[in-house]
Amino acid sequence: MAESEEDRHLKFSGTSDCDPSPLPTLRHSTSHVMAQAVKRLFPDVKVAIGPAIDDGFYYDFAKLEAFTPQDLEKIEAVMRDIIKADLPFERRELPRAEAITLFRQRGETFKVEILEGIDADTVSLYRQGDFEDLCRGPHVPSTGHIKAFKLLSSSGAYWRGDERNPMLQRIYGTAWQTQEDLDRYLWRLEEAKKRDHRKLGRELDLFVFHDVSPGAPFWLPKGMVLVRELERFAREAQDARGYTEISTPILVNKKLWEQSGHWEHYRTNMFTLEVEGQLYSLKPMNCPPSTFVYRHALRSYRDLPLRLSEMGRLHRNERSGTLTGLFRVRQFTQDDAHIYCRPDQMQEEIAGVLGLVREFYKVFNLEPSFRLATRPENYLGTPAQWDAAEAALHAALEANGLAYEVNAGEGAFYGPKIDIGVQDVLGRDWQIATIQLDLTMLPELFDLTYVDSDGQPKRPVAIHRAIFGSFERFIGIITEHFAGAFPTWLAPVQARVLPVSEKSSAYARTVHRRLVEARLRAELDDRNEKLGYRIREAQLQKVPYMMVVGEREAQNGTVSLRYRTGEDLGAVALDRVAADLGHEIASRTVTLTVGRS
RNA sequence: GCUGGCGUAGCUCAGGGGUAGAGCAACUGCCUUGUAAGCAGUGGGUCAGGGGUUCAAAUCCUCUCGCCAGCGCCA
C-alpha cells in the first residue's frame with residue numbers, strides 16, 4: 001500500500017510530505033480554514049491533525065462534547081467569512097525547539113507531541129489571519145482560493161488511530177475546484193445512499209437481519225436466487241478449469257487450530273463451544289480442514305496440481321461495532337479454493353487463477369486492479385524460495401497482460417500474494433479477491449508431501465484463492481453497483497406477465513406457462529389492479545422485462561414488451577421473446593437485449 | 001470494543017408524564033382496467049427487552065440487546 005496522505009502528514013519529515021498537487025493542496029488549506037473557524041467558535045479546543053484525504057479532508061480536535069450538525073453549520077458560516085476576507089497563507093520557518101516552546105505556550109499539546117517526534121532541525125508554520133498551524137505545506141496563496149467546499153460529518157477518532165489514546169472529535173469535509181465538481185461529488189454521495197444494499201435488500205426482499213443473530217443475514221427467496229446463481233456461475237467456471245469441489249466440517253476440534261496456529265493468533269475471532277469435555281471452534285478459515293483432503297491419499301507428482309474448491313461457510317467473531325450489512329458479517333460463505341502444486345507449476349497455476357478472475361469480473365462490468373505484495377521483513381522459508389515465488393507471480397501477471405502495482409514488503413509471512421480490487425460504477429474501490437502463495441505454512445505445519453519422480457517426498461506449494469471473496473459481501477457490492485437492477489441472469493424475477501384485464505388472463509397464463517417451462521423466473525401479475533399500478537410495482541422491483549398482454553397480443557401471439565428502464569418496444573412475437581431471453585441468460589449478458597436482435 | 005446518535009404497525013415516520021397516530025403496504029368490497037400509484041371500508045402495536053421513579057411512563061432514570069456514523073480490524 002502506498003503511504004497515505006495521513007501517514008505523511010503525521011511523520012512530518014522531508015521536504016514534500018504533503019501531496020503538492022492542486023486538489024490535495026486546496027483540501028489541506030480548507031482543513032486549516034476549518035480549524036481556524038473551530039478555534040474562533042470554540043477557543044478551548046486543541047487542534048490535532050488535519051490532512052487531505054481521498055475526496056476531501058478532515059481535522060481532529062480535542063473537545064469533550066461531540067460536534068452537532070448545528071455546530072457544523074456555524075463552522076461553515078465562519079469559514080465562508082474567512083474565505084471572503086481572502087487572508088493570505090504566510091509561511092515562516094522556525095528552529096524545532098522554538099516551535100515546541102511556541103506551541104507549548106499556546107497549550108497545543110498535540111502539536112508539541114508531533115514536534116517532539118520530528119526528525120528535523122527546522123520546521124515550517126503557516127498562518128492565515130489569527131490562526132497559525134504547524135504545517136509542511138504547500139497551501140493555496142490565500143483563503144479566497146477556496147471556492148467550493150462542504151462539511152459532511154463529525155465523529156470520534158482516536159489520536160493517532162490507536163484505541164488506547166484519547167478520543168478526539170473529527171470533522172470531515174470536502175472541497176473541490178469548482179461548484180460543479182462539488183455538486184457532482186455530493187450527487188455521488190446521494191446516489192450511494194440511495195443504492196445502499198441494506199435499503200435495497202429490504203425493498204427488493206433479498207435478505208433481512210434480525211437481532212437473534214447479529215452479523216448473519218437471513219436470505220429471503222429472492223436473495224437466495226442471487227446466491228444460487230453466483231454459485232452456479234462459479235461452479236461452471238471452475239469445472240471448466242479442472243477444479244474439483246469438496247466440503248469440510250464447520251465444527252472442528254481445537255487441536256486442529258493449535259496445529260495451524262490459529263489458536264495462538266486468531267483465537268479472539270473464533271467462536272468456541274464445548275462438546276463432551278472437548279473444545280471445538282466454528283472454522284474461521286477453510287485451509288486447515290482442506291489439508292485433510294490432501295492427506296487422505298498418498299500424492300504423486302503426477303496428481304498435481306490438485307485444485308480443490310470449497311464453498312466454505314465461515315464464522316468469525318468480529319467486534320460488534322464493525323458489523324455493517326452484508327459488507328461485514330460474522331457468518332459468511334467464501335468461494336474458496338486451494339491449489340496444491342509443484343514449485344514448477346506455480347506460474348501456470350497463478351496465471352490460470354488470474355484468467356478466472358478476469359472472466360468473473362467481466363460478467364459484472366467490474367474493473368479489476370492488481371497489486372503484488374512481496375516479501376516482508378519477517379518471513380518463513382528461504383530467500384531463494386521467495387525469489388522464485390515472486391518471479392512466478394510477476395510472470396503470471398505479465399502473461400495475462402495485466403498492469404499491476406507492487407507493494408514491497410506487504411506479503412504474508414508465509415508467501416507473496418496478489419490482492420485484487422474492483423472499482424464499481426460510482427468509482428468506489430472494493431478489495432475482495434486474493435491469490436496467496438503459501439510456500440511453507442500449510443505444507444510444513446500439516447506435513448504435506450508428494451512423491452516426486454525421483455521417488456523422494458517433496459513439499460507442494462499451496463495457493464489460497466477466493467474470487468468473489470465472500471458471497472455476502474459480493475452481493476452487497478453488486479447490489480449497489482447495479483442499484484438493484486441486476487442483469488437478467490441474476491434477477492430474482494426475470495419477467496412479469498401483465499394481463500390488461502381479466503379478459504386476457506387465459507392468454508397471460510399461456511405466456512407465463514411458456515416462460516416457466518423454458519426455466520425462466522417469470523411471474524404472472526393478474527391482480528385486480530390497474531395496469532399502471534402493476535407496471536409501477538414491477539418497475540420498482542427492477543424486474544427486467546414486463547410483458548403486457550391484451551386482446552391484440554392474444555390474437556397475434558405476441559407480447560407488448562416493456563423494459564425496466566421505461567423503454568417500450570411494442571409488440572414482439574412470443575417465440576422471439578423466449579428465444580432472446582434464453583440467449584441473454586445463457587450468455588450472462590449484462591445489458592437488456594430481448595427484442596433487439 | 002470505544003465515542004456519539006438512534007430503536008413507536010411489514011416499511012417510512014409523527015407523538016417527549018394522563019392510557020397509541022399518519023402515509024404506504026395488507027385484507028374486504030366496488031370498478032374490468034392498455035404502459036409508473038382508481039375509489040371506499042376493515043384489521044393491525046407488551047412503543048427493542050429488564051429494572052426503577054411516579055397516583056400515572058412510549059415519554060424521566062438505569063442496565064442489557066440491536067441498529068447507524070466514525071476509529072481500529074477485515075472476506
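Values reported hereafter were calculated over all heavy atoms of this structure, with side chains retained and with hydrogens, waters and symmetry mates removed. Note on naming: letters A, B, ... go to the chains in the order of the sequence lines (proteins, then strands), and numbering restarts at 1 for each one.
- Contact annotation: A:S155 does not reach the phosphate of B:G4 (side-chain N/O to OP1 or OP2, under 4.0 Å).
- You'll find the ring centres of A:F57 and A:Y59 outside the 6.0 Å limit.
- Here B:U33 is the nucleotide among B:G34, B:A75, B:U33 with the atom lying nearest to any side-chain atom of A:R534.
- Contact annotation for A:E537: no contact, since no heavy-atom pair falls under 4.0 Å across all strands.
- Closest contact between the side chain of A:T324 and the listed nucleotides B:C71, B:A69, B:A36 involves B:A69.
- The listed nucleotides are B:G34, B:C67, B:G72; the one nearest the side chain of A:R319 is B:G72.
- Between A:Y172 and the phosphate of B:C71, there is a side-chain N or O to OP1/OP2 separation shorter than 4.0 Å.
- Remark: A:K503 is in phosphate contact with B:U33, judged by side-chain N or O atoms under 4.0 Å from OP1 or OP2.
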Walk along nucleotides 7-12 of chain B from 5' to 3' and tag each nucleotide B, S or - by protein heavy-atom contact under 4.0 Å, base first, then sugar-phosphate.
----SS

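- Across the C1' atoms, B:G49 and B:A26 are found 28 Å apart, a figure rounded to whole Å.
- At a cut-off of 3.5 angstrom, counting only N and O atoms as typed in the model, there is no donor on one side facing an acceptor on the other between the side-chain of A:R170 and the base of B:C71.
- Annotation: cation-pi pair A:R473/A:F327 absent, no NZ/CZ under 6.0 Å from the ring centroid and within 45° of its normal.
- In terms of phosphate contacts, A:Y533 brings no side-chain nitrogen or oxygen within less than 4.0 Å of OP1 or OP2 of B:C39.
- Side-chain N/O atoms of A:R160 and base N/O atoms of B:C71 include no donor-acceptor pair closer than 3.5 Å.
- Residue A:Y158 places a side-chain atom within donor-acceptor reach of the base of B:G1, judged by atom type and a 3.5 Å distance cut-off alone.
- As rounded to whole Å, 15 Å separates atom P of B:C68 from atom NZ of A:K199.
- Less than 4.0 Å separates RNA chain B from at least one heavy atom of each of the following residues of residues 553-563 of chain A: A:E553, A:S560, A:R562.
- A cation-pi arrangement is present between A:K63 and A:F42, with the terminal nitrogen or guanidinium carbon under 6.0 Å from the aromatic centre and inside a 45° cone about the axis.
- Between A:R552 and A:S320, the residue anchored nearer the 5' end of RNA chain B, judged by the nucleotide with its closest heavy atom, is A:S320.
- Residue contacts for A:I432: at a heavy-atom cut-off of 4.0 Å it reaches the sugar-phosphate backbone alone, with no base atom in range.
- Scanning atom types as modelled, one donor and one acceptor separated by under 3.5 angstrom connect the side chain of A:Q539 and the base of B:A36.
- Under the 90° criterion around 0 for the glycosidic angle, B:G49 counts as anti.
- What you find for A:K111 and A:I49 is that their closest heavy atoms are NZ-CA, 4.4 Å.
- Among residue pairs with one or both ends in residues 492-502 of chain A, those qualifying as side chain to side chain donor-acceptor pair (under 3.5 Å) are A:R496-A:E523; sequence neighbours excluded.
- Proximity of A:R198 to the phosphate of B:C68: a side-chain N or O atom is located under 4.0 Å from OP1 or OP2.
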